[in-house]
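Here is the naming used below: chain letters follow the sequence lines, and residue numbers restart at 1 for every chain.
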Amino acid sequence: MTPYQPHQIEAKWQARWQETRAFAVGAGDDRPTFYCLEMFPYPSGKIHMGHVRNYAIGDVIARYKRMRGFAVLHPMGWDAFGLPAENAAIKHKLAPDVWTRANIADMRGQLGRLGLSYDWGREVATCDPDYYRWNQWLFLRLLKKGIAYRKNAKVNWCQDCHTVLANEQVVDGACWRCDNPVQARELEQWSLRITDYAQELLDDLDTLSEWPERVVAMQKNWIGRSTGVEIAFDLEGAEGPLAVYTTRPDTLMGVTFVSVATDHPVATAAARSNPELARFVESCREHAVSEAVLETMEKRGMDTGVVAIHPLTGDKVPVYAANFVLMGYGTGAVMAVPAHDQRDFEFAKKYGLPIRVVIQPDGASLDPATMTLAHTGPGAMVNSGAFSGLASEPGREAVADALERAGRGVRKVNFRLRDWGISRQRYWGTPIPVVHCEQCGVVPVPDDRLPVLLPTGVTLPETGSYLAQSPAFYETTCPSCSAPARRETDTMDTFIDSSWYFARYTCQNTPQGAANMVDRALADRWLPVDQYIGGIEHAILHLLYARFFTKLLRDEGLTAVSEPFKRLLTQGMVIKDGAKMSKSKGNVVDPEALMARYGADTARLFMLFAAPPERDLEWSDSGVEGAFRFIRRVWALMERVPAPGAVPADLAGDLPDACKALRRTTHRTIAKVTDDIERSYQFNTAIAAQMELVNAMAAFSADWAEGAPDAPRGAVYREAAEALLALLCPFAPHVAEELWERIGGQGLVGARPWPEADAAWLVSDMVTVVVQVNGKLRDKLELPVDADEAAARAAALASDKVLPFLEGKAPRRVIYVPGRLINVVV
RNA sequence: GCCGGAGUGGCGAAACUGGUAGACGCAAGGGACUUAAAAUCCCUCGGGGCGCGAGUCCCAUCCGGGUUCGACCCCCGGCUCCGGCACCA
């Protein structure tokens, strides 16, 4: 008996797959298509368990779909730009491109050793000029359309990374990458008008029926649509009118003051003639570290001396500059209704401003003098002139109508989503393809001069941007007037790279791909991605940007689809000792060590068996042992399989009971595994079912372990073995192929059609029917599958385990579920 | 605070549209093989009571109610944990 030697057979089959280009898909293939994609990795140099899990899941799906007769596109590549390369470059005195290329080579090898079924002919690396040139090409299109634009804006600045961060990249007030507190800075920045697409990005979420609900919810939340009214307040003592935004026009009559952001023009203007106010505004600027920190800050404000005139009543109310009003949302000014907004309430209490109740909740009578909390819920409008008596909900519309009629307001939709700031003051990214000319201003680099190449082989400075310090890069001439000019030295956010790579794979390394960012015909063939798989941590960032870019590509005519990913699977984290595996926690298990000890098949099998894909996976050394044991068990059982010629091919005729039982198990396992994969990717139970089949095969074959089976048993056993290897193939492909070859199978098992369960063998003649009395289990009966109710009832009532519970009473009711149970109610 | 998700043996988990709770695996205990160990194989394995025993009864899916012949599953109320958002007007 040959022992199971994973490394030997894994190397053998990986080489075989590579030689035969087993996973390449090309033109002229008329099978139905399936595009299976896992999020491509950042080439850090070493894969981690999260990668192994992610890619194992994707590989099962890809291999399964192939066996189901699909032409499967399953590519892999590298999200190769980014900060770690720069940090490593400074640390190891290596150019970022050199470091990155070496890492890619290492990781390609590691992924290869996992036996993943990629079409490597389509590999992309985002740091290739042939890739990032298209970032630049698209940027120029967006610039022309006004979707890419430049603005002076308050930005999130990370001191450590020495660069700007998008809102999505600020987590709890800190940098998503290095965890340092983010500072607010005023900077000239390139941005993309993702807000132009806010409504579409929101609406299309409803078409993503095969996305996890929570991801959809998180994106909805992030986009944050609200409907309200923008109201104009005339001003005394300042240039007016002042626009405020509110979602509660029904509370308009309760306005007792107006709050503006400290950097609102009204506040800034008033501060010019009011030193005290100027000091206040200045102190707020110092404190305005980040939006997230504002939350914990005390609410402070100061009267600007400006007076606002209520648009409907003509009442005069003061205008306050308040530190909690955000300039970036709505109009930067809000009408304050202390009785019905908690912040305004606290603010009014602190500064002794009047509180006016205009909404009375059902069955209560609010008194401003005794209120301790604002009433933010619904109620009836009071003290509201003509509106009094209306319920607050319809009141909202009535007030909005009145404002619109009076020309004092207009209904408006607001989004929480902000434009995407994409400038990064870093080296290792896509150069933004524009030139700054004193005469001509911002001039796009012409298409025929793309790509604007990033210099390679460089030595980075300890601080600051290499490009901004490199005259060889930034000194250029204006494409328009040829005068000396300065090249833009900001690079693009690396999230741009990953926002369209899935589309690039469809034409990568084809003649069409050489000429186009995305080839329309090839995109039409493959997009959208049928199955996308990755970590939940990208629920907003990457997945929102990719959706946005898909719409941009569509509007450029590069694809017909509006959504990139038809079905999304977000796999859980790999946990050890109760925490996510991380270097800082010191609880990492190295996949390379795991593979060195047990091989790739064991690593894959354990990852897939220990938990369903969506759930977090608890690492277990002994669980890995278990997976290894299972493979060895399969290995040993295959020694007992008779050669194809040694058994009758036809299994017809009457079989001994034991043979019938094994056939039923075989076909039920096929049905179960297929259903588990098809229905919800329950790989853990799919593997459990295979283990059950293996247990049955072991018992069945125990008595001929040393000899040979008779013909019917040999044939039934061979059928089971062939089915098992086919079912196992997506999960543990190397050992499945090796054993397939050893039992004399034709070709690659992975290239064969997926086994079909024979419906005739899914049912047996006799079934166990549970007998309950008043819903409690009392007996189990073996009954023919097709037993009718009368027969079942008679058998149940005759049972001596049932009789005592009837206490001599006649059954009041009998519920019979054929093939399952009979419940006698007394 | 708002929005999601989860809570089942010692552990990871399973249980289809309400129908045998705990499949499968891990750990543990016992046994076989062995000079011994590893490996492998077999048996037991939610808790408790009664019984010499075959057995048998009760309790048990976070807690409390409800619907139902029957609830891990549906409904109402609560608790705990995890994730996201959070001065967004």
Identify the pairs formed between an N or O of the protein and an N or O of nucleotides 1-10 of chain B at a distance under 3.5 Å, and give each distance.
from: B:rG5; atom 1: OP1; to: A:Glu213; atom 2: OE1; distance (Å): 3.4

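- Heavy atoms of A:Lys220 sit nowhere under 4.0 angstrom from any nucleic acid atom.
- Scanning for side chain to side chain contact (heavy atoms under 4.5 Å, CB included) contacts around A:Ala336 gives A:Phe257, A:Ser259, A:Asp344, with sequence neighbours left out.
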- Query: Where along nucleotides 18-23 of chain B does protein come under 4.0 Å, by heavy atom, of base (B) or sugar-phosphate alone (S), with - for untouched nucleotides?
  - Reply: -BB--B
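- The separation of B:rU40 from B:rG51, taken at their P atoms, amounts to 42 Å, rounded to a whole angstrom.
- With A:Trp704 as the aromatic partner, A:Arg640 does not meet the cation-pi criteria of under 6.0 angstrom to the ring centre and within 45 degrees of the ring axis.
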- Item | Nucleic acid footprint by protein, nucleotides 37-51 of chain B - heavy-atom cut-off 4.0 Å, B for base, S for sugar-phosphate alone | --SSS----------
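- Within 4.0 Å of A:Asp344, counting heavy atoms only, lies no atom of the nucleic acid at all.
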Validation: residues 680-687 of chain A side-chain donor-acceptor distances under 3.5 Å, sequence neighbours left out:
from: A:Ser680; atom 1: OG; to: A:Gln682; atom 2: NE2; distance (Å): 3.0
from: A:Tyr681; atom 1: OH; to: A:Gln531; atom 2: OE1; distance (Å): 2.9
from: A:Thr685; atom 1: OG1; to: A:Asp676; atom 2: OD2; distance (Å): 2.9
from: A:Thr685; atom 1: OG1; to: A:Gln682; atom 2: O; distance (Å): 3.1

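- Within 3.5 Å, no donor on the side chain of A:Arg225 pairs with an acceptor on the base of B:rC88, nor the reverse.
- Looking at heavy-atom distances under 4.0 Å, A:Pro612 makes contact with sugar-phosphate atoms alone, never a base.
- The side chain to side chain contact (heavy atoms under 4.5 Å, CB included) test applied to A:Thr227 returns A:Arg225, A:Val413, not counting sequence neighbours.
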